[in-house]
Amino acid sequence: MSTHAAARVAAPTRREQILREAARLFAERGFHGVGVDEIGAAVGISGPGLYRHFPGKDAMLAELLVGISERLLEGGRLRVVEDQARGDGSPEALLDALIEGHIDFALDDRPLITLHDRELDRLRDTDRKRVRRLQREYVEVWVGVVRALYPSLPENRARVTVHAVFGLLNSTPHLARPDALPGRAATAALLHRLARGAFAAAEPS
């Protein structure tokens, strides 16, 4: 079993459960529309019991947004390392792996996309800067892989295209209803084709 698969099947800790429910509630009702008691009730503990895990809602929000930025970057770097370790990897296969990893995030962690769009400015300046730095590093992982596959693509154009593809993949929370998606596998396949098409279209003719 791969590292990624093992992580997915591991039982969540109480801290992870709290963060998951906090993300869902913050995304549905806004950061200020949710109380500590409601988050506690969602995981079966008292509101004050949450303070054994987090000093407050601000800390939950920071861990959610910093945490997902760290996980995306670590996942991207790990895919590059795994590709290099195989010795027979290809930029095309590596780009496919990066796209698949980001699609997993876009489909499975949609509340975090909503949180980022709505609540990033609520973070402390140091946390917000950390999120931005992690995101820039994640973009550069992609830019390196894209330019290896499309050598004629200028660096600035590759970077713009990576940002555009992120916008495409991260659009899933903006559908009117959860059941508007055509099914997870079909949605993942469609997003993958669209992403690859965007990169191919960016290559100078």
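Below, all heavy atoms of this structure are taken into account, side chains as well, without hydrogens, waters or symmetry copies.
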**Request:** Please round to the nearest 0.5 Å and tell me the distance separating atom CG of Asp109 and atom CG of Leu64.
**Result:** 10.0 Å
**Smallest separation among heavy atoms of Arg79 and Leu94, with atom names** = O-CD1, 3.4 Å
**Message:** Would Arg15 and Phe54 count as a cation-pi pair here, with the cationic atom under 6.0 angstrom from the ring centre and within 45° of the axis?
**Reply:** yes
**Asked** Of the non-hydrogen atoms in Ala42 and Leu25, which two are nearest, and what is the gap between them?
**Response** CB-CD1, 4.4 Å
**Prompt:** OG1/Thr187 to NE2/His192 distance, rounded to the nearest 0.5 angstrom?
**Reply:** 14.5 Å
**Asked** Does the ring centre of Phe26 sit less than 6.0 Å away from the ring centre of His32?
**Response** no
**Prompt:** With sequence neighbours excluded, what pairs up with Ala93 under the side chain to side chain contact (heavy atoms under 4.5 Å, CB included) test?
**Reply:** Ser90
**Request:** Given side-chain contact (heavy atoms from CB on, under 4.5 Å), test Asp104 with Arg184 step by step and report yes or no.
**Result:** CA-CA 10 Å; Asp104 284 343; Arg184 194 190 190 287; 3.2 Å; yes
**Any residue meeting side-chain hydrogen bond (donor to acceptor under 3.5 Å, both in side chains) with Glu74, in chain and number order, not counting sequence neighbours** = none
**Prompt:** Heavy atoms, side chains only, cut-off 4.5 Å: are Phe166 and Val139 in contact?
**Reply:** yes
**Request:** Compare every heavy atom of Leu169 with every heavy atom of Ala195, then report the nearest pair and how far apart it is.
**Result:** CB-CD2, 4.3 Å
**Item:** Contact check, side chains of Leu191 and Leu107, non-hydrogen atoms, under 4.5 Å
**Value:** yes
**Complete:** So CG of Leu78 and CG of Asp83: to nearest 0.5 Å the spacing works out to 11.0 Å
**Request:** Only counting residues at least two apart or in another chain, list the ones meeting salt bridge (Lys or Arg N to Asp or Glu O under 4.0 Å) with Arg128.
**Result:** Asp125
**Request:** Kindly compute the distance separating CG (Leu123) from CG (Asp121), expressed to the nearest 0.5 Å.
**Result:** 8.5 Å
**Message:** side-chain contact (heavy atoms from CB on, under 4.5 Å), that's the test. Do Glu21 and Arg24 meet it? Break it down for me.
**Reply:** CA-CA 5 Å; Glu21 290 304 316; Arg24 179 182 64 81; 2.7 Å; yes
**Item:** Partner set under side chain to side chain contact (heavy atoms under 4.5 Å, CB included) for Arg14, not counting sequence neighbours
**Value:** Gln17, Ile18, Ile45, His53
**Prompt:** side-chain hydrogen bond (donor to acceptor under 3.5 Å, both in side chains): which pairs involve residues 35-51, sequence neighbours left out?
**Reply:** Arg29-Glu38
**Prompt:** Should Thr114 and Arg118 count as side-chain neighbours, where that means a heavy-atom distance under 4.5 Å?
**Reply:** yes
**Request:** Keeping to residues at least two apart or across chains, list the ring pair (Phe, Tyr, Trp, His ring centres under 6.0 Å) pairs with something in residues 116-135.
**Result:** none
**Message:** Would you compute the distance between atom NE2 of His102 and atom CG of Leu168 and round it to the nearest 0.5 angstrom?
**Reply:** 9.5 Å
**Request:** Could you tell me which non-hydrogen atom of Val165 sits nearest to which non-hydrogen atom of Trp142, and how far apart they are?
**Result:** CG1-CZ3, 4.5 Å
**Heavy-atom side-chain contact between Glu63 and Met60 under 4.5 Å** = no
**Request:** Would you give the length of the straight line joining atom CG of Leu98 to atom CD of Glu100, rounded to the nearest 0.5 angstrom?
**Result:** 9.5 Å
**Message:** Holding to salt bridge (Lys or Arg N to Asp or Glu O under 4.0 Å), I want the full list of residues that pass it with Arg122, two or more places apart in sequence or in another chain.
**Reply:** Glu119
**Request:** Please name all residues satisfying side-chain hydrogen bond (donor to acceptor under 3.5 Å, both in side chains) with Arg147, sequence neighbours left out, ordered by chain then number.
**Result:** none
**Message:** Tell me the closest heavy-atom pair linking Leu65 and Leu120, and the distance in Å.
**Reply:** CD1-CA, 4.0 Å
**Request:** Salt-bridge test for Glu137 and Arg133: reply yes if a basic N is under 4.0 Å from a carboxylate O, no otherwise.
**Result:** yes
**Residues which pass ring pair (Phe, Tyr, Trp, His ring centres under 6.0 Å) with Phe199, listed by chain and number, not counting sequence neighbours** = none
**Asked** Tell me, which pairs form a salt bridge (charged side-chain N to carboxylate O under 4.0 Å, His left out) where one or both residues lie in residues 39-62, sequence neighbours left out?
**Response** none
**Complete:** For residues 153-168, the side-chain hydrogen bond (donor to acceptor under 3.5 Å, both in side chains) pairs (sequence neighbours left out) are Glu140-Arg159, Glu155-Arg159
**Fill in**
Heavy-atom closest pair (Ala106 atom, Ile113 atom, distance to 0.1 Å) is CA-CD1, 3.9 Å
**Residue list, salt bridge (Lys or Arg N to Asp or Glu O under 4.0 Å) with Arg124, at least two apart or on another chain** = Asp127
**Prompt:** Taking C-beta and beyond as the side chain, do Val43 and Glu16 meet within less than 4.5 Å on heavy atoms?
**Reply:** no
